[in-house]
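Here is the structure we will look at, set down as structure tokens.
Computed from a predicted model, the values in this text were never measured in an experiment. Computed from heavy atoms alone, side chains included, the values below leave out hydrogens, waters and symmetry copies. So that the names make sense, note that chain A is the first sequence line, chain B the second, and so on, each numbered from 1.
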Number of protein chains: 2
Amino acid sequence: MTAQCAEYDEGVPSRSSTSTAPTRERILDAFELLLINDGERAATLDAVAANAQVSKGGLLYHFASKEALIQSLLQRLRTLVTEDVERMRAAPEGVVEYFIRTSIASTDTAQSALERAIVACACLAQGSHTDVRDAIRSMQATWLATITDAGTDPVAARIVALVGDGLYFNSSMGLTDETPRSQSMDELVAAVKQFVAKR
Amino acid sequence: MTAQCAEYDEGVPSRSSTSTAPTRERILDAFELLLINDGERAATLDAVAANAQVSKGGLLYHFASKEALIQSLLQRLRTLVTEDVERMRAAPEGVVEYFIRTSIASTDTAQSALERAIVACACLAQGSHTDVRDAIRSMQATWLATITDAGTDPVAARIVALVGDGLYFNSSMGLTDETPRSQSMDELVAAVKQFVAKR
DNA sequence: GTCTATACGAAGATAGAC
DNA sequence: GTCTATCTTCGTATAGAC
């Protein structure tokens, strides 16, 4: 195992994925963005291909079917969650603050890649994609465990987790103007931490 | 205005809407249930018609287009929210407890009708239905105002609202086995109330 | 690896019979 | 009010050229 895995310009599908990233990644990014911005219904193979700047045939060379596209997105989510939990465990500001702040749109590259994957998968989860739901449930379980492992009271941990879900719910459904470093976020974080400390 | 408005067997589309309710309501119920259980993609006119036990032509007599169907669902939501806020304001257990407990699947008829409408609309809101998003945002604003009007500290109110959103997020996305009177709900309510009281 | 062309079914909507 | 065609467009997927 050498130390490559260079990741290209990964995580920055800034301009509708007109990036120089390899086709496969560009397609996955386009799929993600379509799900986030326009919902499952709009994320058709045609639309994905157009946004990734390949033909439908080109897309289907990389992902043999729509199902394959979904599975790859799920795989991306799982990888990002694993990495995130490690950062969370190591966070100097503490697990709770890290969790709350990263529950809304971030400008940090690694973090926002995760958020995009989550919101995109949440869109798919509303349909009857059992495996997508399972992945999200498993992610939530991991978060909850990480919070309680850090010594947080179980009920408080549950509330923290729900606040995070609430933030995702809002961001998966249109504009939460909020940024992770806004004043209202600071107040929210302070209040939650105060609550957790008192239990 | 006489005191009819009998509502038929409204609010109980228990068995896939095989009810005796008038066709229009049966169709709307079927649309709602399809959105909830199988997502936006599955809620096609064909599927709605089949579940409401009318033909597609019959459906389109009552609702001239899919858009009309959506608008009627939105109207139903707005009506139910208005009624709910009145109940919330008058709730003997207090605004906060009422809000938290009614944020998950209820067996109460009036309450569950609202929940169904919300979850169904949340599914639609992921697409680019601007008006659906607006309706949900307005509903959230009303709730938040009701909580703060009851004397709750603004930051605490925001946390309460987020916990509610989190509960909806989970229930809009698959099984939260939770019931409004389970032990874990009692603990959750107690903890939230304790937090609110201390601010 | 990427494209064009095409098959085929599904989804929304219309027309008109009963 | 409700039904059965029928039309059209869209979405997924395949075949085969470059």
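A/C121 and A/L77 make their closest contact through SG-CD2, 3.9 Å (heavy atoms, listed as atom of the first residue, atom of the second, distance).
Annotation: salt bridge (Lys or Arg N to Asp or Glu O under 4.0 Å) contacts of A/D149 (sequence neighbours excluded): A/R89. In terms of the salt bridge (Lys or Arg N to Asp or Glu O under 4.0 Å) criterion, residue partners of B/R199 (sequence neighbours excluded) are, by chain and number, B/D153.
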task: Check the pair A/R24 / A/D29 against salt bridge (Lys or Arg N to Asp or Glu O under 4.0 Å), numbers first and verdict last.
output: CA-CA 9 Å; A/R24 230 188 103 90; A/D29 289 340; over 6 Å; no
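The nucleotide range of DNA chain C contacted by chain A, defined by atoms under 4.0 angstrom from heavy atoms of the protein and reported 5' to 3', is C/dG1 to C/dG12.
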Produce the list of close N/O pairs, under 3.5 Å, pairing protein atoms with atoms of nucleotides 9-13 of chain D; give distances to one decimal.
| residue | atom | partner | partner atom | Å |
| --- | --- | --- | --- | --- |
| D/dG11 | O3' | B/R41 | NH2 | 3.4 |
| D/dT12 | OP1 | A/K66 | NZ | 2.7 |
| D/dT12 | OP1 | B/R41 | NH2 | 3.2 |
| D/dT12 | OP2 | A/L45 | N | 2.7 |
| D/dT12 | O4 | A/K56 | NZ | 3.4 |
| D/dA13 | OP2 | A/K66 | N | 2.9 |

Result block: side-chain N/O donor-acceptor pairs under 3.5 angstrom for residues 159-168 of chain B, not counting sequence neighbours:
| residue | atom | partner | partner atom | Å |
| --- | --- | --- | --- | --- |
| B/D165 | OD1 | B/Q140 | NE2 | 3.4 |
| B/D165 | OD2 | A/N170 | ND2 | 3.0 |
| B/D165 | OD2 | B/Q140 | NE2 | 3.4 |
| B/Y168 | OH | B/T102 | O | 3.4 |

Scan the side chains in residues 92-101 of chain A for donor-acceptor partners under 3.5 Å anywhere in the protein, sequence neighbours excluded, and list what turns up.
| residue | atom | partner | partner atom | Å |
| --- | --- | --- | --- | --- |
| A/E97 | OE1 | A/K193 | NZ | 2.8 |
| A/E97 | OE2 | A/R101 | NE | 3.0 |
| A/E97 | OE2 | A/R101 | NH2 | 3.3 |
| A/Y98 | OH | A/D84 | OD1 | 2.7 |
| A/Y98 | OH | A/R87 | NE | 3.3 |
| A/Y98 | OH | A/Q111 | OE1 | 3.3 |
| A/R101 | NH1 | A/P180 | O | 2.8 |
| A/R101 | NH1 | A/D186 | OD1 | 2.9 |
| A/R101 | NH2 | A/D186 | OD1 | 3.0 |

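B/R76 has a carboxylate O that lies under 4.0 Å from a charged side-chain N of B/E32, or vice versa, which qualifies the two as a salt bridge.
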